[in-house]
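To keep things clear, I will list the structure first and then write my remarks on it.
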Amino acid sequence: MATTADFKNGMCLDIDGQYYFIVEFLHVKPGKGPAFVRTKLKNVTTGRILDKTWNSGVRVQEVRIERRPYQFLYKDDMGCNLMNNETFEQVSINPDLINGVKFMKEGDELEVVVHAESETILYADMPTHVIMEVTYTEPGLKGDTATNTLKPAVVENGAEVRVPLFINAGDKIKIDTRDGSYVERVRG
């Protein structure tokens, strides 16, 4: 058990059977009345943000979580099969639990967040940026960089991304896995 004095960003709490991460918190001491803590919490499973105010000194149930490196092996009808890089144990998880799953390819490293006591997987994060090769897009025009116009392109794992007009098939591009946006062209 922890108290509101122990709050820090990234701490995981169990509130009514749901897990929440503390996104931000603020200790408030008004001139009149007792002190309290205003928090912004993010639900682990749904991603929803919850604003909650606690009286100062209230006990809360802290959840111990661990971040572990896993490698993506393959996808089948059971889900996405991952291997723990430390123990070589393989697990299958639902693709809905993986953030940025549509940019995942064999051999990619993921960070899996696990509930330490029950060993259940809460969610997995792809790296923030991945480098992929464009397999198909309409031909680009040399010097067509003046406008900020985007065209559709298909990358090596079949995902579709919007890219600038000067990108051609065979180019390697950096993609932000959080929102699927084009970041930059990668040379070499």
Side-chain angles (χ1 to χ4, degrees), residues 9-12 18-23 42-49 63-140 142 144-145 148-188:
N9 289 342
M11 184 177 185
C12 190
Q18 299 257 353
Y19 300 134
Y20 292 89
F21 283 114
I22 296 177
V23 177
K42 181 178 180 182
N43 190 312
V44 171
T45 53
T46 64
R48 286 193 151 161
I49 301 292
V63 177
R64 202 179 66 133
I65 60 163
E66 294 177 356
R67 297 178 186 276
R68 300 179 184 160
Y70 276 73
Q71 182 180 19
F72 173 62
L73 299 176
Y74 59 92
K75 185 176 180 178
D76 61 10
D77 56 343
M78 298 294 290
C80 293
N81 293 287
L82 308 175
M83 179 182 67
N84 187 323
N85 289 350
E86 295 159 355
T87 64
F88 304 109
E89 168 194 354
Q90 292 185 18
V91 295
S92 180
I93 69 170
N94 187 338
D96 296 337
L97 296 177
I98 303 172
N99 299 326
V101 70
K102 75 179 196 178
F103 300 108
M104 196 164 58
K105 60 183 193 261
E106 286 183 18
D108 279 350
E109 298 286 324
L110 289 92
E111 186 175 77
V112 176
V113 177
V114 180
H115 186 280
E117 282 91 42
S118 66
E119 290 295 317
T120 55
I121 295 175
L122 301 175
Y123 66 91
D125 277 331
M126 285 283 295
T128 307
H129 296 102
V130 293
I131 296 172
M132 300 189 110
E133 185 175 333
V134 176
T135 55
Y136 173 78
T137 188
E138 296 295 323
K142 190 169 185 83
D144 200 353
T145 59
N148 201 11
T149 309
L150 300 175
K151 64 181 179 179
V154 178
V155 292
E156 61 191 90
N157 71 344
E160 191 170 296
V161 182
R162 309 271 309 155
V163 297
L165 296 174
F166 58 85
I167 299 293
N168 293 311
D171 288 349
K172 290 192 182 278
I173 60 172
K174 185 185 277 189
I175 302 169
D176 189 329
T177 59
R178 295 171 294 193
D179 58 5
S181 63
Y182 165 86
V183 178
E184 65 182 355
R185 180 167 45 182
V186 179
R187 301 274 183 209

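Please read these numbers as outputs of a predicted model, since none were measured by experiment.
In terms of the side-chain contact (heavy atoms from CB on, under 4.5 Å) criterion, residue partners of V91 (sequence neighbours excluded) are, by chain and number, Y70, L82, E89, I93, I121.
The list of salt bridge (charged side-chain N to carboxylate O under 4.0 Å, His left out) pairs with a residue in residues 76-88, not counting sequence neighbours, is empty. Pairs engaging residues 112-121 under the salt bridge (charged side-chain N to carboxylate O under 4.0 Å, His left out) rule: R64-E117, R68-E119 [sequence neighbours left out].
In summary, the side chains of E138 and Y136 do present a donor paired with an acceptor at a separation below 3.5 Å, with no hydrogens or angles considered. A side-chain donor-acceptor contact under 3.5 Å links Q18 and N43.
Counting non-hydrogen atoms of other residues, nucleotides and ligands closer than 6.0 Å to NZ of K105 gives a total above 12.
The CZ atom of R185 sits 10.5 Å away from atom CD1 of I173, with the distance rounded to the nearest 0.5 Å. To the nearest 0.5 Å, atom CZ of residue F21 and atom CD1 of residue I65 are 3.5 Å apart. A distance of 9.5 Å separates CD in Q71 from CD in E106, rounded to the nearest 0.5 Å. To the nearest 0.5 Å, atoms NZ (K42) and CD1 (I22) are separated by 14.0 Å. Distance check, rounded to the nearest 0.5 Å: CD1 of I131 to NZ of K172 gives 8.0 Å. Interatomic distance, CD of E156 versus CE of M132, reported as 4.5 Å (0.5 Å rounding).
Looking only at distances, no side-chain donor or acceptor of T120 sits under 3.5 Å from a matching main-chain atom of V114. With T177 contributing its side chain and H129 its backbone, the two residues share no donor-acceptor pair below 3.5 Å. Judged by distance alone, the side chain of N157 and the main-chain N or O of K102 form a donor-acceptor pair under 3.5 Å.
Among all heavy-atom pairs drawn from G79 and P95, the shortest one is CA-CD, 4.2 Å. Shortest non-hydrogen contact noted between A169 and T137 is N-CG2, 3.7 Å. What you find for C12 and V44 is that their closest heavy atoms are SG-CG2, 4.5 Å. In terms of heavy-atom proximity, V101 sits nearest to C80 at CG2-SG, 4.4 Å. The minimum heavy-atom distance linking G100 with M126 is given by the pair O-CG, 3.4 Å.
In this structure the side chain of P152 reaches within 4.5 angstrom of the side chain of R162, judged on heavy atoms. Contact annotation: the side chain of V163 approaches that of K151 to within less than 4.5 Å [non-hydrogen atoms, C-beta and beyond]. Looking at N99 and R178, their side chains never come closer than 4.5 Å, going by heavy atoms from C-beta outward. Between V161 and F103, some side-chain heavy-atom pair lies under the 4.5 Å cut-off. The closest side-chain heavy-atom distance from L110 to M104 is below 4.5 Å. L150 is not listed as a side-chain neighbour of Y182, based on a closest heavy-atom distance of 4.5 Å or more.
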